[in-house]
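The structure under discussion appears below in the form of structure tokens.
Note that the structure is predicted; figures quoted are calculated from it, not measured. For the single chain, residues carry numbers from 1 onward in sequence order.
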Amino acid sequence: VFNNKGVTATVNEPSGSSFTLGKDKYYAASGGITGTGVFKLGGNAGGRVSFGWGNLVPKKGHHFSFDTELGIEFVSKPTVALGFTGSVCTQAQGANCSTPTNVSSFPAFTADVATEQAKLQNDVNFLSFYPIVSVGVGWRLF
């Protein structure tokens, strides 16, 4: 299974709602905040190791044959990307703060996004290979 477009998810936090990013608590300011996450499986093949046995062409006198293959396909590591738009208030400012900060110009928020993205990336790095399992059946008519 290969999907080169990946999976995209969007979350919308309405004004005044709280959320935690990294170790910090934030409040969505007027207009809310929108978060987007993109997850893509690795697409560049790096090699394959597999073992198989059997022959799909039945031998003379036999009508059925079976074959099997087991192995691993190595691919590039998957990628995770997070992004946010909108304005937030810190926990110290509270839900009804009068001076919200745009997320793109808020260093602490940007650092929390980077930390969360790195954590997610680390969680999915093991997906850099796919198992190969193949079973076949052959049948000779004559």
### Query
Taking it one step at a time, do Leu127 and Leu41 satisfy side chain to side chain contact (heavy atoms under 4.5 Å, CB included)?
CA-CA 8 Å; Leu127 294 172; Leu41 290 172; 4.3 Å; yes
### Message
If you apply the rule side chain to side chain contact (heavy atoms under 4.5 Å, CB included), what do you find for Val88 with Ile33, and how did you get there?
### Response
CA-CA 7 Å; Val88 294; Ile33 186 170; 3.4 Å; yes
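At least one side-chain heavy atom of Phe74 sits under 4.5 Å from a side-chain heavy atom of Val49. With contacts defined as side-chain heavy-atom distances shorter than 4.5 Å, the pair Ile132/Ile72 does not qualify. Counting heavy atoms from C-beta on, the side chains of Lys119 and Asp123 come closer than 4.5 Å. Between Thr101 and Phe109 the shortest side-chain heavy-atom distance does not fall below 4.5 Å. Two residues are said to be in side-chain contact when any heavy atoms from C-beta on lie closer than 4.5 Å; Tyr26 and Phe106 meet this criterion. Looking only at side-chain heavy atoms (C-beta outward), Leu70 and Trp53 come within less than 4.5 Å of each other.
Atom CG of Leu21 is separated from atom CG of Leu82 by 8.0 Å, given to the nearest 0.5 angstrom. Atom CD of Gln117 is separated from atom OG1 of Thr79 by 9.0 Å, given to the nearest 0.5 angstrom. Here the OG1 atom belonging to Thr20 is positioned 10.0 Å from the CD atom belonging to Glu116, to the nearest 0.5 angstrom.
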Using residues 11-19 as the side-chain source, report each donor-acceptor pair under 3.5 Å to any protein atom, sequence neighbours left out, with the distance given to one decimal.
unit_1	atom_1	unit_2	atom_2	d
Asn12	OD1	Thr34	OG1	2.9
Glu13	OE1	Ser17	OG	2.8
Ser15	OG	Ala29	O	3.1
Ser15	OG	Gly31	N	2.9
Ser15	OG	Gly32	N	3.3
Ser17	OG	Pro14	O	2.7

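Within 6.0 Å of atom CZ in Phe39, more than 12 heavy atoms from other residues, nucleotides or ligands are found, so the atom counts as buried in its surroundings.
Of the possible polar contacts, none joining the Glu73 side chain to the Tyr130 backbone as a donor-acceptor pair under 3.5 Å is found. The backbone N or O of Thr90 lies less than 3.5 Å from a partner atom in the side chain of Gln93, making a donor-acceptor pair. Under the 3.5 Å distance criterion, the side-chain polar atoms of Gln91 are left unmatched by any main-chain donor or acceptor of Tyr27.
Residues Val75 and Val80 are members of one and the same hydrophobic cluster, defined by side-chain heavy-atom contacts under 4.5 angstrom among Ile, Leu, Val, Met, Phe, Trp and Tyr.
Nearest heavy atoms, Asn102 versus Ser87: CA-OG, 3.8 Å. In terms of heavy-atom proximity, Pro78 sits nearest to Gln121 at O-NE2, 2.6 Å.
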